[in-house]
Amino acid sequence: MSDASRTAAQTIREGFEHYHARFSDITRRARTRFQQHDVAGLRCDLVERIDLYDECIAATDARLRETLGERARDRALWQAIRADFANGVSGLLDQELFKTYYNTLTRRFFGTRGVDRAIEFVATDLEPTDRIVHPVARHNYAIHGNLADVFVRVLAGYAFDVPYAHPQRCAERMADAVAQRFAHWDGDVQPFVAIELLETVFYREQRAYLVGRALGEFRHTPLTIALANGPDGLHVDALITDRDHLAQLFGFTRSYFFADLPTVGSAVVFLRALLPKKPVDELYTVLGRAKQGKTERYRAFSRHLESRPDEGFIHAEGERGMVMLVFTLPSWPLVFKLIRDRFAYPKEMAREEVMEKYRIVSRHDRAGRLVDAQLFRHLRFPRKQFEPALLAELLEGCRETVTEDGDDLVFSLCYVERRLRPLNLYLKEVPKVDALRAVLDYGQAIKDLARSGIFPGDLLLKNFGVTRNRRAIFYDYDELCLVTDCRFRRLPQAQNEEEEMHHGAWYHVDANDVFPEQFPRFLGLSPPQLEALLAAHGEIFDVGWWLELKRSIQRDGVADVPPYPEAARLGIGSP
C-alpha cells in the first residue's frame, strides 16, 4: 500500500504542476496581447484558462485510474495517499493550491456529497494566508526631491516592447494627481517617503496595471498605475489611489486578471494589506485561481455556519424568482441560488439554457456590472437550519437539485454569489438624493453592459442590486444574451382600433425580439426618477441607439469600459 500511495500522490502532484505550468503559459501571453491590441485573443485566453482546470483534472483522473486499477476507490488507500501527498507539498509556498487540486480528484472518484474529512483536506479552522511568510517580489522607489522624477523612474522600471509615448508628461500628471489627492495628509504637498509596486504586471481587457502602494511616514495608501496602449504608444491612463476604486478593480463584478505570479499566496497577502475588507476567496478568484477561491469561500462560510448553529437560512429579500430559488444566511454576505424544477409563466426556457447563461457570464467581460456566480456541486447543510417555509419550497420546487440525506440537505448544483440589496427595495429605503443617484447608475449599468456586448434581457429594477459602494449591478441571468444575438425593433403602429385595443401584443414577437421603447413603462420609477433617467440615459430606450451599437460591435468589437471612474483618469490620451 505504501508504494501505491506514494505513486498516486506523486501522480497528483505532477498533474497539478502540469496544470500550473500551462496556466502560467497562457497567462504570460497577456503581455503580448496587450502590446498588440489583441483584446479578442486575450478573451480567448481567458476562456482557455478557465477550462484548463477541468481538462487537467480529467487527465490526472485517467492516470490514477490506470495506476490504481481495482483499488481506485479503496478508502484506506486514499487515506494513505492523502498523508503522502501532504508530506510531499508541506514545504511549498502555494501548497493550498495543490491540496485543492487533490480534493477535486477525490470528490470525482467517490462522488462525495458534502465533505469527506477522512480523505480530503478540509481545515476549516485554517486562515489560508497565515503560513505565507515569503514576501511577494516588488520594486521599491525612495522619494527624494521631485516626485515627477520618481515616477519617471517607475515607468522606466517597467519596460515594454512598445515605448511610452509621453513618459515625462505621464510622470508629471501622476505627481500632480498625488499632490492634489493627498494634500490633506499633514498639509504636506509630498506626503510619501516611498512607492512600492509589485514586480508582476497585471493585465485585463485593454489595460496593464502596476499594483502597489505609496508609503508615508506613519501610513500607506493604495497606488496603482493603469497603462493603456494608444496610437502613439503606451501612456498612463489612470492613477488609482482611492481604496474603494481599487476594490472595484479587484472586485467580484470583474473578469479575472492575467498576472504571472511566482507565488499566488504571497500576492494575496500583499493585496489584503491594500484591501483589508476584501475576502481572501475573492482575491484568489480575481487572480484567476477560481477553484482556490471556491475552497476559501467554502472554508470561511463553514466556519461561520458552525459558529451560528441557531441561525436559520431564509429566503433572500426581494421578489421571488420565477426561475431561481434564492436563499441566504442573514449574518453572511452570500446568497445561494437553485434552479427550480418548473418555471412560472411566461418563462419557457430549459434548465440547461439557464446554466448556459451563467456560463456565458463566467467567460465574458463583466464590465463591473455582473456578479461572479460560482457553481458549487453537492453542498451539504443541516436540515434544521432551514426555516420551515424555505424548507418546504426547496423540497417541493427543487427536487431535481435537492435531496435529503439523514439530517442534512444536499444540493447537487448551487450558484453562490455576493448578496446585494435589490434595487427596487433600495430606492424605497434611502433618501431621495441617494435614490436618484442609484437610478442614474442603473442607466449607466445598462450602457456599460451593452458596450461590453451584453443585453441584460429583463431590465426590471428587481433584477439589479446595489453594492456597498452604491453601484448598480445586474444579477438575474436567465434572460441575459449577447447584443449581437438580439433583434432590436421599433414598436409596430396599430392599423385600426381593434389592434389598438387588443389585450397584449397583436403583432408577432420572436424570442430574440427586443422593443426598447417599452422599457420605461415597466420600471416602476417615480416621475422625477424617470425624468432624470430619460435626461441622462434616454438613448437606452431608443431602438436606433441599440441598432447602431450592435453594428459597431459586429464591425469593431466591443467598446472599452474603463474599470475605474473618470476622476481617476489623467487625460493624457485615449486607449
Side-chain angles (χ1 to χ4, degrees), residues 129 135-158 170-202 204 207-228 235-254 257 259 261 266-280 282-283 286-287 368 467-471 562-572:
T129 58
V136 65
R138 64 194 86 178
H139 293 159
N140 292 280
Y141 301 88
I143 298 177
H144 298 294
N146 191 327
L147 185 57
D149 292 341
V150 177
F151 280 118
V152 169
R153 298 205 315 271
V154 167
L155 296 181
Y158 292 87
C170 289
E172 291 170 357
R173 291 285 181 87
M174 285 191 284
D176 290 343
V178 166
Q180 293 172 13
R181 297 177 196 177
F182 298 99
H184 63 284
W185 276 22
D186 303 322
D188 191 346
V189 296
Q190 188 163 294
F192 305 135
V193 297
I195 293 173
E196 189 176 72
L197 299 170
L198 295 185
E199 187 177 285
T200 298
V201 179
F202 288 56
R204 186 171 60 200
R207 289 168 175 77
Y209 299 89
L210 314 181
V211 178
R213 58 188 176 182
L215 304 174
E217 188 173 353
F218 301 109
R219 61 187 115 178
H220 67 84
T221 187
L223 191 149
T224 290
I225 300 169
L227 303 176
H235 66 270
V236 177
D237 186 54
L239 187 69
I240 302 169
T241 55
D242 184 283
R243 201 176 301 276
D244 283 343
H245 297 165
L246 186 67
Q248 292 172 30
L249 185 69
F250 281 86
F252 57 88
T253 61
R254 299 286 177 184
F257 278 111
L261 296 158
S266 56
V268 170
V269 171
F270 182 86
L271 291 171
R272 284 197 82 189
L274 301 181
L275 300 167
K277 295 181 180 180
K278 180 70 66 177
V280 168
E282 290 182 7
L283 290 174
V286 81
L287 293 177
T467 69
R468 67 176 184 85
N469 292 320
R470 300 188 296 185
R471 283 175 60 81
Y564 35 74
E566 192 66 26
R569 305 185 78 171
L570 302 184
I572 297 172

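All values reported here derive from a predicted model rather than from experimental measurement.
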**OP:** Tell me, please, which residues at least two apart from Arg471 pass salt bridge (charged side-chain N to carboxylate O under 4.0 Å, His left out).
**Re:** none
Original post:
Quick one: do Glu199 and Arg138 make a salt bridge, cutoff under 4.0 Å?
Top reply: no
Original post:
Is there side-chain contact between Pro222 and His245, with at least one heavy-atom pair below 4.5 Å?
Top reply: no
Original post:
So which of Leu147, Ile195, Leu155 actually passes side chain to side chain contact (heavy atoms under 4.5 Å, CB included) with Met174?
Top reply: Leu155
Original post:
Under 30°, 30 to 60°, or over 60°: which ring-plane class applies to Phe257 and Phe250, parallel, tilted or perpendicular?
Top reply: tilted
**OP:** Using atom types as modelled and distance alone, determine if a side-chain donor or acceptor of Arg204 lies under 3.5 Å from a backbone N or O of Leu249.
**Re:** yes
**OP:** Check each of Leu223, Leu283, Leu246 against Leu274 using the side chain to side chain contact (heavy atoms under 4.5 Å, CB included) test, and report the only one that passes.
**Re:** Leu246
Original post:
Is there a donor-acceptor contact under 3.5 Å linking the side chains of Tyr564 and Asp242?
Top reply: no
Original post:
Is any side-chain heavy atom of Ile225 closer than 4.5 Å to a side-chain heavy atom of Leu227?
Top reply: yes
Original post:
Is there side-chain contact between Phe270 and Leu198, with at least one heavy-atom pair below 4.5 Å?
Top reply: yes
Subject >> Side chain proximity check, Val269 to Arg272, heavy atoms < 4.5 angstrom >> reply: no
Subject >> Intermediate values then yes/no, ring pair (Phe, Tyr, Trp, His ring centres under 6.0 Å), Phe192 and His220 >> reply: CA-CA 8 Å; Phe192 305 135; His220 67 84; over 10 Å; no
Original post:
If you look at every heavy atom in Ala171 and Val152, which pair is closest and at what distance?
Top reply: CB-CG2, 3.5 Å
Original post:
Hey, are the side chains of Arg207 and Asp237 touching, using non-hydrogen atoms and a 4.5 Å cut-off?
Top reply: yes
Original post:
Which pair of non-hydrogen atoms, one from Leu275 and one from Arg243, has the smallest distance, and what is that distance?
Top reply: CD2-O, 3.7 Å
